[in-house]
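Step one of this worksheet: look at the structure below.
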Amino acid sequence: MFISFEGTEGSGKSTQVKAVYAALQAASYDVLLTREPGGTDIGNQIRKIVLDTMSNTQMQARAELLLFCASRAQLVGEVIRPTLAKGGIILCDRYADSTLAYQGYGHGLPIDDLKQILQFATSGLYPDMTIYLDLLPEKGLARRREGTFEGEDWNRLDDMEIAFHHRVYQGYQSIIANDKQRFVIVDADQAPTAITKVILDAIMPRLASKTEATK
Ligand code: TMP
């Protein structure tokens with residue numbers, strides 16, 4: 001089973017994906033936690049280029065898009081497909097929806113072109129389930145500035161103007177509206193432990209039924 005986590009800046013996604021990972025490990029599931037951009041040596045090199053706040057401020061939106069997709073292509077081939085093939089569970093901190101939301105709705109690149117590029121980069125692999133942490137951009141960015149969430153460094157996209165973050169937020173709403181079955185929408189303006197519980201309540205029955213079906 002392939003589960004992705006999505007949300008705007010400071011929605012607490014990375015904190016939650018780690019908590020869910022720990023819970024699934026404790027329940028003896030074969031689970032792997034990864035993230036985008038990154039998750040492989042090559043992907044981590046791309047991550048540095050694409051999120052650099054100092055050197056790469058002139059990056060073109062199309063170049064940015066292709067870098068995110070290159071990182072994803074590597075992750076799918078090197079990590080995600082092999083793990084799924086041996087029956088493992090993948091938890092991925094961001095995936096293709098981030099590209100549609102940020103590069104598509106945020107930067108205004110054509111959505112239909114992006115969908116084709118995503119299809120190519122992922123070789124047609126999409127998550128079974130996506131957890132969307134819903135938080136208004138102002139709240140998320142304020143959290144990020146305060147450094148509320150451990151391990152999340154300020155990046156080049158955080159630096160975009162507030163209108164960009166609103167477009168990304170609206171973009172996610174459109175993506176969800178077109179694919180309601182796949183998404184679990186979670187109110188991210190709650191205590192982290194309460195959020196983890198909501199997510200686990202959504203994931204556990206799905207995992208149990210998948211495990212039962214493969215017996
Ligand atoms: P994060 O690790 O804190 O989520 O940061 C990753 C940043 O990269 C975040 O600002 C969202 C952005 N991003 C895109 O713009 N497009 C993508 O396809 C991905 C995966 C991330």
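Note that the coordinates shown come from a computational prediction; the quantities given were computed from them, not determined experimentally. Quick note: numbers below take in every heavy atom, side chains included, and nothing from hydrogens, waters or symmetry partners. Whatever order the structure lists them in is the order used to number ligands and atoms, beginning at 1.
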Sub-4.0 Å heavy-atom approach of Arg35 to ligand 1 = no

query = N/O of Glu64 under 3.5 Å from N/O of ligand 1, yes or no?
reply = no

task = In plain terms, say whether Lys18 and Asp93 are close enough for a salt bridge, that is, a side-chain N and a carboxylate O under 4.0 Å apart.
result = no

inquiry  = Is it the case that the side chain of Glu6 and the backbone of Tyr95 share a donor-acceptor pair, with hydrogens and angles ignored and the cut-off at 3.5 Å?
reply    = yes

key: Side-chain heavy atoms of Tyr126 within contact of Leu118, under 4.5 Å   = yes

Geometric N/O contact Thr99 with ligand 1, under 3.5 angstrom = yes

query = Would you say Tyr102 and Leu65 make side-chain contact, with heavy atoms under 4.5 Å?
reply = no

task = Kindly indicate, with the supporting measurements, whether the criterion side-chain contact (heavy atoms from CB on, under 4.5 Å) is fulfilled by Gln25 and Tyr21.
result = CA-CA 6 Å; Gln25 271 196 321; Tyr21 174 66; 3.0 Å; yes

task = May I ask you to list the atoms of ligand 1 that are less than 4.0 angstrom from any heavy atom of Arg72?
result = 18 (O), 20 (C)

inquiry  = Any nitrogen or oxygen of Lys13, side chain or backbone, less than 3.5 Å from one on ligand 1?
reply    = yes

ask   = Which ligand 1 atoms does Leu157 reach within 4.0 Å, using its non-hydrogen atoms?
value = 8 (O), 10 (O), 12 (C), 15 (O)

ask   = Any nitrogen or oxygen of Tyr102, main chain or side chain, under 3.5 Å from a nitrogen or oxygen of ligand 1?
value = no

remark   = Of Val50, Ile49, Leu109, the one forming a side chain to side chain contact (heavy atoms under 4.5 Å, CB included) with Glu64 is Val50

message = As a check for students: among Phe68, Tyr95, Phe5, identify the option with a heavy atom nearest to atom 14 (C) of ligand 1.
response = Phe68

query = After noting the C-alpha distance and the side-chain angles of Met59 and Asp52, does the key distance pass the side-chain contact (heavy atoms from CB on, under 4.5 Å) rule?
reply = CA-CA 10 Å; Met59 191 178 291; Asp52 192 312; over 6 Å; no

ask   = If you measure only the distance, is there a donor-acceptor pair under 3.5 Å linking the side chains of Glu36 and Ser71?
value = no

ask   = Taking non-hydrogen atoms only, is Asn155 closer than 4.0 angstrom to ligand 1 via side chain, backbone, both or neither?
value = side chain

query = Looking only at heavy atoms, is any part of Val50 under 4.0 Å from ligand 1, and if so is it the side chain, the backbone, or both, or is it neither?
reply = neither

request  = With heavy atoms only and a cut-off of under 4.0 Å, state how Arg47 meets ligand 1: side chain, backbone, both or neither.
outcome  = side chain

note = ligand 1 atoms nearer than 4.0 angstrom to some heavy atom of Gln103 are 14 (C), 15 (O), 16 (N), 17 (C), 18 (O)

